[in-house]
> 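My questions all concern the structure below.
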Amino acid sequence: MTTPQQHQYTHPALAAADPELAALVGAEERLQAATLRLIPSENYVSAAVLEASGTVLQNKYSEGYPGRRYYEGQQNIDQVETLAVERAKAVFGVDHANVQPYSGSPANLAVYLAFAEPGDTVMGMALPMGGHLTHGWGVSATGKWFRGVQYGVRQDTGLIDFDEVRELALKERPKVIFCGGTALPRTIDFAAFGEIAREAGAVLVADVAHIAGLIAGGAHPSPVPHVDVISTTTHKTLRGPRGAMLMSREEHAKALDKAVFPGLQGGPHNQTTAAIAVALREASLPSFRDYAHAVVANAKALADALLARGFDLVSGGTDNHLILMDLTPKQVPGKIAAKALDRAGIVVNYNTVPYDPRKPFDPSGIRIGTPSLTSRGLATEHMDQVAEWIDRGVAAAGAGDEQALAAVRAEVADLLTAFPAPGLPV
Ligand SMILES: Cc1ncc(COP(=O)(O)O)c(C=O)c1O
């Protein structure tokens with residue numbers, strides 16, 4: 001472990017100008033180094049992605065698109081954005097890519113703007129079933145400004161029932177259907193959604209925010225050619241900066257571009273665009289295929305080790321990077337478990353499980369995933385140890401045993417010293 005003083009030298013200008021803020025950055029670096037980060041939507045970006053996102057590209061305004069800007073001085077910025085676009089097209093095998101959305105939620109809002117009018121019916125997976133807020137859930141603008149109808153998973157299997165999805169789509173005739181979500185441990189059947197959307201005359205959007213890196217690395221089937229639009233964040237399994245992309249066939253390019261700018265946003269965040277370009281270059285390398293497959297192998301090994309310890313996993317396991325644990329049989333609520341695990345150096349989030357009898361702010365489950373630990377180089381042989389720590393942490397949460405949590409925390413930090421995280425000062 002490094003000292004606070006050593007960390008300040010990694011940001012010398014910041015430390016000199018604002019020691020209070022520099023100290024917080026240093027503290028976050030140490031936290032990310034010493035904890036086992038299992039939140040499936042998080043990752044460690046490479047030092048190269050980190051550097052690109054902290055460049056003078058941040059100083060430039062560039063409303064519009066390459067070659068069609070409303071500001072001058074775009075000699076370099078146009079090339080940066082074109083690089084990002086071309087790399088996205090190559091990595092995902094699409095005709096068109098827009099790399100300007102500020103994040104996943106604005107990207108999805110742009111999709112609505114492109115293909116629906118306020119009041120139109122839209123369809124997505126319900127939030128408590130694993131969908132995202134922006135898939136038409138009531139508290140989101142997408143559920144207030146559109147009429148959101150929602151599908152879920154079956155209670156007995158934890159899997160999507162395509163007969164039910166089809167029936168709902170044909171009855172409600174939504175303009176837009178979203179597939180994908182935030183807490184889905186199983187492979188998304190894009191072909192089945194594609195058939196339903198075509199039958200219902202809907203625009204089909206695959207929101208692959210969680211699994212974009214797995215798709216790029218060939219560890220999850222691609223939504224191409226089954227869907228009309230692909231929406232993704234760039235900061236989860238894809239290991240890029242916090243940002244988003246919209247991709248499509250050529251026929252939807254104009255509508256999507258117009259919706260992002262000038263429909264919804266002003267100037268793109270060029271430093272983020274640059275970092276997206278770097279992440280996409282990294283995602284095109286053979287080593288990224290290994291990474292994506294290792295993420296899935298680790299998640300399957302971790303799921304098996306948890307099942308062996310009597311944990312209840314939604315859908316019985318995982319096909320991807322994510323595991324949704326229902327802690328009801330352990331008689332420990334998700335929030336209490338998540339907070340105790342945090343004290344044990346294991347960072348997860350509490351999460352509703354399908355048909356959860358508890359409230360979203362105090363649900364029955366926790367959601368974990370393997371993208372970050374795989375970025376540090378942990379492999380399948382470490383997953384039994386990770387499961388054991390989770391088991392001890394959950395048991396200690398139930399028993400209120402702070403000593404046991406402290407013991408796990410020390411063991412976690414000890415193992416992680418051998419697996420330095422990308423992008424963090426050593
Ligand atoms: C499936 C999905 N779509 C969209 C988003 C929204 O992304 P952001 O938080 O960048 O707005 C998320 C974020 O968790 C997500 O999981």
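Owing to the predicted nature of the structure, the values given are computational and were not obtained by experimental measurement.
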> What are the two closest heavy atoms between Ser375 and Asn43, and how far apart are they?
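Heavy-atom minimum between the residues: OG-OD1, 2.6 Å.
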> Do Val296 and Thr318 have side chains that get closer than 4.5 Å, going by heavy atoms?
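They are not in contact (no side-chain heavy atoms under 4.5 Å apart), so the answer is no.
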> Determine whether a donor-acceptor pair (N or O, by modelled atom type, separation under 3.5 Å) exists between the side chain of Arg37 and the backbone of Val347.
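Not confirmed, Arg37 side chain does not pair with Val347 backbone.
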> Within the supplied structure, the quantity of interest is the number of heavy atoms (other residues, nucleotides, ligands) at a distance under 6.0 Å from Glu167 CD; does it exceed 12?
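Result for CD/Glu167: open.
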> Show the nearest heavy-atom pair for residues Lys330 and Arg309, with the distance to one decimal.
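Here Lys330 and Arg309 meet closest at NZ-O, 3.0 Å.
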> Counting only heavy atoms not in Tyr61 (residues, nucleotides, ligands), do more than 12 fall under 6.0 Å from its OH?
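For Tyr61, atom OH is not crowded (no more than 12 foreign heavy atoms under 6.0 Å).
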> Going by atom types only, do Glu81 and Gln100 share a side-chain donor-acceptor pair under 3.5 Å?
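Judged by distance alone, the side chains do pair up.
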> If you apply the rule side-chain hydrogen bond (donor to acceptor under 3.5 Å, both in side chains), what do you find for His132 with Asp207, and how did you get there?
CA-CA 9 Å; His132 190 256; Asp207 182 345; 5.2 Å; no
> Taking atom CZ as the centre, does Arg281 end up with more than 12 heavy-atom neighbours from other residues, nucleotides or ligands that are less than 6.0 angstrom away?
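No, the 6.0 Å shell around CZ holds no more than 12 heavy atoms from other groups.
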> Check whether more than 12 heavy atoms from other residues, nucleotides or ligands sit under 6.0 Å from atom CZ of Arg242, and answer yes or no.
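Check fails, neighbour count at 12 or below.
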> I need the Leu256 CG to Ser231 OG distance, nearest 0.5 Å.
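Reported value, rounded in 0.5 Å steps: 9.5 Å.
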> Grab the two heavy atoms, one from Thr232 and one from Ala212, that are nearest each other, plus how far apart they are.
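Closest heavy-atom pair between Thr232 and Ala212: OG1-CB, 3.2 Å.
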> Any salt bridge between Asp228 and Arg198, counting N to O under 4.0 Å?
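No, this pair does not count.
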> Does Glu117 have more than 12 heavy atoms from other residues, nucleotides or ligands lying within 6.0 Å of its CD?
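It does not: Glu117 CD has 12 such atoms or fewer within range.
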> Strictly distance-based, threshold 3.5 Å: is any side-chain N or O of Asp356 a donor or acceptor partner for the main-chain N or O of Val353?
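Such a contact is found between Asp356 side chain and Val353 backbone.
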> So does Pro333 get a backbone contact from the side chain of Asp362, meaning a donor-acceptor N/O pair under 3.5 Å?
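Not a single qualifying donor-acceptor pair exists.
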> Less than 4.5 Å apart, any side-chain heavy atom of His220 and any of Ile188?
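They are in contact (side-chain heavy atoms under 4.5 Å apart), so the answer is yes.
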> Can you tell if the side chain of Ile366 reaches within under 4.5 Å of the side chain of Leu38, non-hydrogen atoms only?
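Answer no - side chains too far apart.
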> Measure from NZ or CZ of Lys175 to the centre of the six-membered ring of Phe115, then state whether that distance is under 6.0 Å and the direction lies within 45° of the axis.
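Not satisfied by the 6.0 Å and 45° rule.
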> Under 4.0 Å between a side-chain nitrogen and a carboxylate oxygen: does that hold for Arg239 and Glu282?
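Salt bridge: no.
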> Would you say the ring centers of Phe178 and Tyr112 fall short of 6.0 Å from each other?
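They qualify: ring centres under 6.0 Å apart.
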> For Asn98 and Met245, indicate whether the former's side chain and the latter's backbone hold a donor-acceptor pair under 3.5 Å.
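Side chain of Asn98 to backbone of Met245: no pair is present.
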> Ignoring hydrogens and geometry beyond distance, is a side-chain donor-acceptor pair present between Asn108 and Thr134 at under 3.5 Å?
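A donor-acceptor contact under 3.5 Å links the two side chains.
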> Taking all non-hydrogen atoms of both residues into account, name the closest pair between Val45 and Gly240 and its distance.
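Nearest heavy atoms, Val45 then Gly240: CG1-O, 3.1 Å.
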> Can a donor-acceptor pair be found, under 3.5 Å and without considering hydrogens, that links the side chain of Thr234 to the backbone of Pro241?
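Pair found, side chain donor or acceptor close to backbone of Pro241.
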> Would you find a donor on one side and an acceptor on the other, under 3.5 Å apart, between the side chain of Asp326 and the backbone of Asp312?
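A pair under 3.5 Å: no.
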> Can you tell me if Glu250 has over 12 outside heavy atoms packed within less than 6.0 Å of its CD?
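Enclosed: over 12 neighbouring heavy atoms sit under 6.0 Å from CD of Glu250.
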> Any donor-acceptor pair under 3.5 Å linking the side chain of Ser372 with the backbone of Glu42?
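Checking the backbone N and O of Glu42 against the side chain of Ser372, a donor-acceptor pair under 3.5 Å is found.
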> Look at Glu164 together with Arg154 and state whether they make a salt bridge at an N to O cut-off of under 4.0 Å.
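Result for this pair is no, no salt bridge flagged.
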> Less than 4.0 angstrom from a charged side-chain N to a carboxylate O is my criterion; do Arg249 and Asp95 meet it?
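A salt bridge is absent here (no side-chain N lies under 4.0 Å from a carboxylate O).
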> If every non-hydrogen atom of Pro360 is compared with every non-hydrogen atom of Tyr350, which pair is closest and at what distance?
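Minimum heavy-atom contact is O-CE1, 4.0 Å.
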> Going by atom types alone, do His210 and His321 pair a side-chain donor with an acceptor below 3.5 Å?
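Result is yes, a qualifying pair exists.
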> Which value, rounded to the nearest 0.5 Å, describes the distance between Asp18 atom CG and Glu20 atom CD?
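If I round to the nearest 0.5 Å, the distance is 6.5 Å.
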> With no hydrogens and no angle check, do the side chains of Ser103 and Ser105 hold a donor and an acceptor under 3.5 Å apart?
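Note: Ser103 and Ser105 side chains miss the donor-acceptor criterion.
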> Quick one: pull up CG in Leu378 and CG in Leu415 and give me the separation to the nearest 0.5 Å.
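It is 5.5 Å, given to the nearest 0.5 Å.
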> Contact between Ser41 and Thr182 at the side-chain level, heavy atoms closer than 4.5 Å - yes or no?
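Side-chain contact under 4.5 Å: no.
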> Just verifying a value: how many Å separate Asp161 CG and Gln155 CD, rounded to the nearest 0.5 Å?
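Answer for the CG-CD pair, Asp161 versus Gln155, is 13.0 Å.
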> Compare all side-chain heavy atoms of Phe193 with those of Val227 and state whether any distance is below 4.5 angstrom.
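Side chain of Phe193 against side chain of Val227, heavy atoms only: no contact under 4.5 Å found.
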> Would a 4.5 Å heavy-atom cut-off, applied to side chains only, mark Lys335 and Phe361 as touching?
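They are in side-chain contact.
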> So, for Thr374 and Ala294, which heavy atoms are closest and what is the spacing to 0.1 Å?
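Looking at all heavy atoms of both residues, the closest pair is CG2-CB, 3.6 Å.
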> As an exercise, state the distance from CE of Met325 to CD1 of Ile368, rounded to the nearest 0.5 Å.
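Answer rounded to 0.5 Å: 5.0 Å.
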> Parallel, tilted or perpendicular: which fits the ring planes of His269 and Tyr102, with parallel below 30° and perpendicular above 60°?
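Answer is parallel, since the angle falls under 30°.
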> Please report the C-alpha distance between Ile39 and Arg367 in whole Å, then the side-chain angles of each, then the deciding distance to 0.1 Å, and finally whether the side-chain contact (heavy atoms from CB on, under 4.5 Å) criterion is met.
CA-CA 7 Å; Ile39 293 175; Arg367 190 183 67 146; 4.1 Å; yes
> Taking the six-membered ring for Trp and the full ring for Phe, Tyr or His, determine whether the centres of Tyr291 and Phe288 are under 6.0 Å apart.
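Yes.
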> Any donor and acceptor pair, going by atom type alone, linking the side chain of His226 with main-chain N or O of Asp189 inside 3.5 Å?
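Between the backbone of Asp189 and the side chain of His226 there is no qualifying donor-acceptor contact (under 3.5 Å).
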> Could you walk me through whether Glu29 and His11 pass the side-chain contact (heavy atoms from CB on, under 4.5 Å) check?
CA-CA 12 Å; Glu29 286 169 347; His11 311 288; 2.7 Å; yes
> Below 4.5 Å, heavy atoms only, C-beta onward: do Val153 and Ile160 meet side chain to side chain?
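Answer yes - side chains close enough.
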> Verify the neighbour count for atom CD of Glu72: are there more than 12 heavy atoms of other residues, nucleotides or ligands below 6.0 Å?
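Count not over threshold, so no.
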> Could you walk me through whether Ser140 and Phe146 pass the side-chain contact (heavy atoms from CB on, under 4.5 Å) test, one step at a time?
CA-CA 10 Å; Ser140 151; Phe146 303 93; over 6 Å; no
> Test Leu109 against Thr142 for side-chain contact (heavy atoms from CB on, under 4.5 Å), laying out the working first.
CA-CA 7 Å; Leu109 209 49; Thr142 63; 3.9 Å; yes
> Please round to the nearest 0.5 Å and tell me the distance separating atom OG1 of Thr233 and atom CG of Leu238.
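Atom-to-atom, Thr233:OG1 and Leu238:CG are 8.0 Å apart.
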> Counting neighbours of OH on Tyr70 that are heavy atoms of other residues, nucleotides or ligands and sit closer than 6.0 Å, is the number greater than 12?
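Counting neighbours around OH of Tyr70, 12 or fewer heavy atoms of other residues, nucleotides or ligands fall under 6.0 Å, so no.
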> Given 3.5 Å as the limit, does a donor-acceptor pair link the side chain of Glu195 with the main chain of Ala191, or not?
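No, the answer is negative, given that no donor and acceptor are paired below the 3.5 Å cut-off.
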> Just wondering, do Glu63 and Phe261 contact through their side chains at under 4.5 Å, heavy atoms?
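They are in side-chain contact.
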